[in-house]
Structure formats: structure tokens, C-alpha cells
Amino acid sequence: MNEPTFTQAATQAATEGAAEAAFEPERYELAGAPAYHFEVARRDFFKLFGGGVFVLLLLKGAAAQQEESGGSRRRGGNTGVPQDIASWLQIAEDGAVTVYTGKVEVGQNIRTSLAQVVAEELRVSVNAIRLVMADTELTPYDAGTFGSRTTPVMAAQLRRVAAAARELLLDLAAEQWKKDRATLLADGGKVTDPATKRALTFGQLSKGQRLVKTVTDAANPTPVKQWKVAGASVAKVDGRAFVTGAHRYTPDLQRPGMLYGKVLRPTSFGATLTAADSREAEKLPGVTVVRDGDFLGVSAPDEATARKALSLVRAEWKAASAQPSTRELFDYLRKNPSGAGSRPVESLGKVADGLAQADVKLEQSYTVAYIAHAPLEPRAAVAEWQDGKLTVWTGTQRPFGVRSELANAFRIGEENVRVIVPDTGSAYGGKHTGEAAVEAARLARAAGKPVKLVWSREEEFTWAYFRPAGVIDIRSGARRDGTLTAWEFHNYNSGASAIRTLYEVPNQQIEFHPTRSPLKQGSYRGLAATANHFARESHMDELARAVNIDPLAFRLKNLKDQRLRAVLEAAAKQFGWGRKKSSPHQGFGIAGGFEKGGYVATCAEVSVEPDSGRVRIVRAVTAFECGAILNPDQLKNQIEGSVVMAIGGALFEAIDFADGKILNPRFSRYRVPRFGDMPILETVLVDRPDLPSAGAGETPIVCLAPAVGNAIFDATGKRPRSLPMAVNGLKA
Amino acid sequence: MKAIELQVNGVKRALAVDVERPLLSVLRDELKLTGSKYGCGEGQCGACTVLVDGQATRSCITPVAEVSGKRIVTIEGLATNGRLHVVQQAFLDAEAFQCAYCTPGMIMSGVALLDKNANPDAQEIARSMQGNICRCGAYPRIVTAILSAAQAKKGGAK
């Protein structure tokens, strides 16, 4: 049997990664728990870290299964951290505390909030904690930093690990002093005996120790009510490195002897390379050309030479068969179901009966365009081979997934691949797959030297995956008094996140229809929750108007969920919902929603220029509730940032394409929110310290678009049903 | 290739470079000053912003020959003797970033603005910074940072 070529293997690895990314990541493939434990290997592994005290959190049973994500399973063999460990912490002989986690820092500032929960349990300052993140050789396996899971899962694990470490230190002191541990106190980096005032620092307690303690569950994590460090607005732990330009993102890294890589991109999607003459390119000094199936790349001692070498390659591409363009997109999505078949998500009562009971019936369609993540740091990787072992630095949300992709692409064992993720210049769900890593590694292997490969902005806009486009059809019924009687909701392609309504409707049919997609698509902040909230909350507004009831009152009338009611009322109160307009071109809108444990509501004020139809968002008030808050200012930052990002998708962002090409692959043609687009932004944090902490990296994005759409209707009487709503002003 | 002399952060550097090469590439790959970032290569995002004779300049579209003999300041050249520039400190105090990839460019643009206009209001800041993109959406905090840096400067801070 023929072994797959590099290109086939790499494509397959990337496709699986992309497919996994497109597959809503909450739906982890359940894999079996690891077949065996490495008791011996574990002790050997920790020998690498010197002496001291090691506390490990072990995942067992259902929790272990939950953490597995399809495509990047834990595998057998010596692959760094023993595989049943979820997270771990070391207290070294000098007292230094280091926490090891497979999560990545992409601007959501978990480097700070995770340090806070550990500092809380150990009763030390945040500055005493060092986090080692996202290094497949040093940190535990992690499925990926996505799905708003770090706060509810990793932070909860680290609380337990750190609480166990605290208890262990108390045990060590109690043993030394021959005292009852219940009389001792841990604080400020030491254990004290209040009766005698004697104290032992963490360093003194761990000196001469090689103690590996495994815990499976909480020692007593500190109750939220008692939080002193967690729950505070602690500043970003290493902020100074960022305001001085000292921090090195992947594109800033240098390795000895490093070359610069560039890949020859196909002239259109799906095109195959039928001929390539690289002789002129190869003549340039220090240039290596690699051709492997459809993959053609160059490496050179400097970037300009790499670009020149690429331009000298005479390549012929055979285009794939005709592909749909933007114009045909929504029609295409309706008519091209994918093999997976449609999935009813909810089925209650009988929609036909509900419609028969209704005084008003509505039927509408909504669409959302493909949009791009456009992270300011492009996809990039630095790859280095040494004695058959590969190390790749890259900005990815899935270091272990990318490790698998690399191992598959080069048909080597994962134990010979190390992926390291420097704190990265954003991702928004777009950096799940390892294309740049595989490309850099392929070039590095051929050149015999490290290679740095940084995607250009055009490559970013063309060869990355997009947020899915979608068509949503809604059919609904309500009584004259505002009670909902029927709700039928069909989402084509965009996805099933937040497809369910939280409103009370006795007759429901909700379905997700997977379709073929003309463009490569995958995860984007919030997944389909943005599209589904846009459609649902716009439609709820249309129903409210049809029965002539205030949009907020209409929602509350059909809503039992107390947490969603709370954010709707909080946003409305801060906004001053219900006041009269002060100008004919002014409009007010409201929207509420829920996703991934977070509750959000947004009120928007817009001003629409009558002649041009240009829409200005004047003010946006967002209320958000996600249980106990780890860091209020960090949370506000995430909410504001999500709302700002949402403005793009709401008003003017859209990928334009035809004949297998992206037509607007740069910032000069793809408009993103800028300073001039800023409304007055207000945030209301609804704190629920009695509830477990949920994540906040995504959900705040979902209600801006429908709130703005509803405000546009309020201002103009025109109902926008397509995102983006106002590329150059409202459509006539 | 041509021999040129660049003055960067107060230090004169003699280099042999292709005169058409973008200043950004020379700063990052020759001088190893990686604080200025590549974001778009077409002068549209501001991540590459440096000061040339005090003017905010998009180094990704500035041929290096154009700045020979001029005074270039990058993010690395702002702090003096380990003390942060007032704008850098203001960004820290306002937590005016998330992933911070845009931050050096934002700070340099802010420094240039305040050197010209000691007392801008929020609208003037937004207009002046329209060429700098922050994909994480920290714009309101950046405006707050620049406003407070302006205040601090009035109070004598540098």
C-alpha cells in the first residue's frame, strides 16, 4: 500500500483539525480513560524538576473522559507529563511556586486569573506564582483553550491542586513541630504556629524533599466569600513586558542559523499544482526549495530573498471545478445538505397546533456572512529539527492537537515532537489548526536549519478558516396578549450553539441542518451563538411589534429563567429603557441571551443618517453574569472587547468571494472596527458569588448585533435581517 | 545593496541594505528590535508604528532609504534608565490591552499625538488613532490611557 505523501498526510491532519474545529468543541468525543498509569515514569519525570514538593491533580473516570477531544487523544508512550495528570504545581526548594497548565494565553488574561486562584489557596501574592503554559513537554495534556472552559474547568482544578498543596505544607510543618495541623496557619509564603510564633517558609518546608502527592479532588478550596486575591481586579501579571515591546511573540523569535520560509499558495481553492519550475529560485544563495505533491515552499537566509525565490518559481495550477460566489451563497446553503443530515435539536408539542392558536403568525429568514478572525498576530511558526526530534514554537490554541498534526504529517512518534506556545497575539477561535507549524517544519527538515514562517495578511484572509455563513428560517406564533404559542427554527450551516430558545413556548421544532460549505470554515468566538441570537432576538422583536407590546416586556412575559431576566433588567435599567426618543433618527433596541454558562443582555442606541442610511452605534450597554467573578476588571475587558468585535460582524464585516478566490483579503478591503466606530460602551457586571464561575471569553459577543438591528428598526421602520447590516449604510 | 546609517533610539548604526527594504524589516531582522510588529504590510493597521523625527510613521511601508539620517524612535527606546514613559505607564494603569500585539504601535501613535497636542479630547484621540487597529477591542481603554497620560504630562510626568 502506498504511504500517503507529505501533502496528503499534512492535508489530512489539517482537515481533521479543521473538521474538529468546525465540530462544536463542546461535543468532545468521549475516549476511554488511559489504559495504564505511569507510577514509575511519573517519579522519573518529576526528577527533571529538581527537589521540592509536587502536587498533581489526577483526573479520574468521567472527568478524564470529558477532557478528551477528538483528534488529539492522549497516546501511550513517554510523551512528557504522565497522562492522567490534569494540572500540577511545584514548590521548589527555594520556595518558588510554579504552576503547569496546558492552557494558552491569547489575550484573555488567564495567565493572571489562574495565578490568582493559586495565590488565593496558597495565601501568597500573585507575583509569587509563576505559570508555565502550553508546552507539550512540560505541561499536562490539554484539549485546547476554547469553549470558554478555562475558568469553569482549569481554574477549578488549580484551586484544588493549590488547596492540596497548602494542606500538604501544613502537614509537613505539623510533622516537624509535632503539633496538630489544625492549630497552624498558612499565610504570606510560610506556615506559622500562632502559639509559639515560630514559622517555616515554603522553601524551608520543601527543602530536601522529593515528595510527589497526587490528589483527585478538593482539599478545602477557599469559599468565594473569603476570597482576597481571587475576585480582585489584579493587573496583568507581566504587563510591563508588553508595554515595552520586550515580550516575544512567535514572529519575534530567533533561533541560531534560522531561515525564513514562504509557501507558494494555489491560485484558487482546490487548485492542483500541475507543473513547477524552480530552477531560477534555487540559484539564489542560501535558498532551498521543497516540492512535495501540491506543497511548494522555499526557505532563505532573509525574508526578501524568500519572497524573491517564490516569485521566480514558474508554477501551473489546474483550477478546481466551478465554485459558488458570494452572490449564490445562501441559495447554495439551502440546496446542499451535507451527508450528515439534519438534526432536530428540540421537538415539543406540535408547531401546527401552536400556529393555529396564534393571533399573529410570522415567517422570516435571516442570513449571516462568512467573516474572518483577522487576529493581529498572523499565523506563524518557528520549527527546528534536532537529531530526529522536532520543536515548533507557534501561536495555537491547541498545542497538543498541533503536536498530533505534526507527528502525523511527518510519521514520527509524538514523543519526538514538542510544541511551545508563547503568549500569542490573539486567536478568537481561529488558531486551532497547525498549518503554519507543519509548513515551517517541512521547510526546516529540507533545509536542515530552523525555519520561521509567518503568514502574510493576505494569506490570513485567504487560507485560514472562516466563521460559518448561515441561513436561518423562523416560523412563529403568538397570542394578542403576547404569549408565545409556536416556534419553529431552522439553521442551515452556521451551527447549533445557542439554537435553543430560553423562552417558554409549548410548541417547538428546532433543527440544525449541516450543509456543504463553499469556503473552509471553523470555530469563531461564540460559534453559531451569534447567528442564532441575531435571528432569534430580531424575530422576538418582530413578534413584539406585531402584538404591539414593548420588546422588553414581551420577552419577560415569556421568560422564566431568573438569570436571563436579571441581565435583561440590569441592562435595561442602566440604559434607561423606556425613555422617549429625542430625535426622529434615533432608535433603541434590546436583546438577551445565554451560552456556555454566561448570561448576557445588550441595549443599543443607534442614529441613522436619513439620506445615506449610515448607521452609527451611539451607545451600547451590556449586562453580563457568569457566576462568581475571578477578576472584575479582566471580565469587563473581555465584555467590552467582545462587544467591539461584534460591531464588525453586525455592521460591515463580510468575506467576499468568487471562483475560489477571496476578493477582499486585506484590511484596506475588509473593514474591521476601529476607534471611529466606538459607541459609548457601558458594562454592568452582575455578580453571583453563590454560583460556580463560568467562562466569559465568548458569550458577551452574542447580543450586540440583534440589539443594534432592533434599534435600526426602531429608528427607521426598516428591519435588517442579514449580517452585516450596513456595509455602506443600510440597504435601500 | 547600499551602505546607510540609521539613528535608532539614540544609537547610530551602519548597515548595508537594499534601499527599498521596509524599515520594519530592517528594525526587526537586522537590528533585532522586534517590538514593532508586522500586522498587514500595507500601512493599514498601525502595528508597525515608530517615530521618525517625532512623526508617527508606518514602518512597514517606509523604505529604509527614506529615513537615513533621521531620528528614529521605536517602542524599545521609550523608557529611560528603566523608567517607563508616561504613555507606557498610562497603558499599564488603564490595562489598555488584551493580547497586546497592537500595543507598541498604539503607544508610539499616542506619544506622537501628545507631543503635538498636549490636551486632546476623546474625539481627537479617536480621529488621530484611526489608523491603529486593535482586534481585541481595547479602544475605549486606550483612549482612557492617552487622556490620563495627557493629564500626567501636564503634571510634569515624562
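Within the 4.5 angstrom heavy-atom criterion, only side-chain atoms of B:Ile107, from C-beta onward, approach chain A. Contacts between B:Arg28 and chain A at a heavy-atom distance below 4.5 Å involve backbone atoms as well as side-chain atoms. A:Thr424 touches chain B through its backbone: at least one of N, CA, C or O sits under 4.5 Å from a heavy atom, while the side chain does not. Neither the backbone nor the side chain of A:Ala304 comes within less than 4.5 Å of any heavy atom of chain B. Heavy atoms of A:Gln254 lying under 4.5 Å from chain B belong exclusively to its side chain. Residue A:Phe461: no heavy atom, backbone or side chain, is found under 4.5 Å from chain B. With a threshold of 4.5 angstrom between heavy atoms, A:Asn109 approaches chain B through side-chain atoms but not through N, CA, C or O. At a 4.5 Å heavy-atom cutoff, the contact between A:Arg248 and chain B is made by side-chain atoms alone. With a 4.5 angstrom heavy-atom cutoff, A:Asp633 touches chain B via backbone and side-chain atoms both. Neither the backbone nor the side chain of B:Ala79 comes within contact range of chain A; no heavy atoms are under 4.5 Å apart.
Among all heavy-atom pairs drawn from B:Ile75 and A:Val243, the shortest one is CD1-O, 3.4 Å. For the pair A:Ser456 and B:Tyr38, the tightest heavy-atom approach, listed with the atom from each and the gap, is CA-OH, 3.3 Å. Listed here is the closest heavy atom pair of A:Met678 and B:Pro140: SD-CD, 4.2 Å. Annotation for B:Ala126 and A:Phe675: closest pair O-CB, 3.6 Å, computed over non-hydrogen atoms.
In this model, no donor atom of one side chain and acceptor atom of the other lie less than 3.5 Å apart for A:Glu303 and B:Ser25.
To the nearest 0.5 Å, the span separating CG on B:Asp29 from NZ on A:Lys452 amounts to 6.0 Å. Put simply, CG on A:Leu376 and SG on B:Cys136 are 8.5 Å apart, with the number rounded to the nearest 0.5 Å. Expressed to the nearest 0.5 Å, how far SG of B:Cys40 lies from OH of A:Tyr670 amounts to 15.0 Å. The distance from the CD atom of B:Gln130 to the CG atom of A:Asp677 is 6.5 Å, given to the nearest 0.5 Å. Interatomic distance, A:Arg674 CZ to B:Asn132 CG, rounded to the nearest 0.5 Å: 8.5 Å. Interatomic distance, B:Thr34 OG1 to A:His247 NE2, rounded to the nearest 0.5 Å: 9.5 Å.
Between the side chain of A:Glu377 and the main chain of B:Tyr101, no donor-acceptor pair closer than 3.5 Å is present. B:Arg135 contributes a side-chain N or O that, together with a main-chain N or O of A:His373, makes up a donor-acceptor pair within less than 3.5 Å. Panel note: side chain A:Asn637, backbone B:Phe97; a donor-acceptor pair is recorded below 3.5 Å. Side chain of B:Tyr139 to main chain of A:Val644: no donor-acceptor pair is present (N/O by atom type, distance under 3.5 Å, no hydrogens or angles). Of the possible polar contacts, one joining the B:Glu42 side chain to the A:Phe667 backbone as a donor-acceptor pair under 3.5 Å is found.
B:Lys2 NZ: 12 or fewer foreign heavy atoms inside a 6.0 Å radius. The 12-atom threshold is not exceeded at NZ of A:Lys308, counting heavy atoms of other residues, nucleotides or ligands nearer than 6.0 Å. In this structure, B:Lys12 places its NZ atom where only 12 or fewer heavy-atom neighbours from other residues, nucleotides or ligands lie under 6.0 Å away.
Ranking A:Gln634, A:Met645, A:Gln638, A:Glu458 against chain B, the residue ahead of the rest is A:Gln638, based on heavy-atom pairs under 4.5 Å. Ranked by heavy-atom pairs shorter than 4.5 Å toward chain B, the options A:Gly648, A:Ser426, A:Ala427, A:Ser233 are led by A:Ser426. Counting heavy-atom pairs closer than 4.5 Å to chain A, the top residue among B:Ala96, B:Ser36, B:Gly35, B:Gly39 is B:Gly39.
Counting heavy atoms from C-beta outward, A:Glu640 and B:Gln98 have side chains that stay 4.5 Å or more apart.
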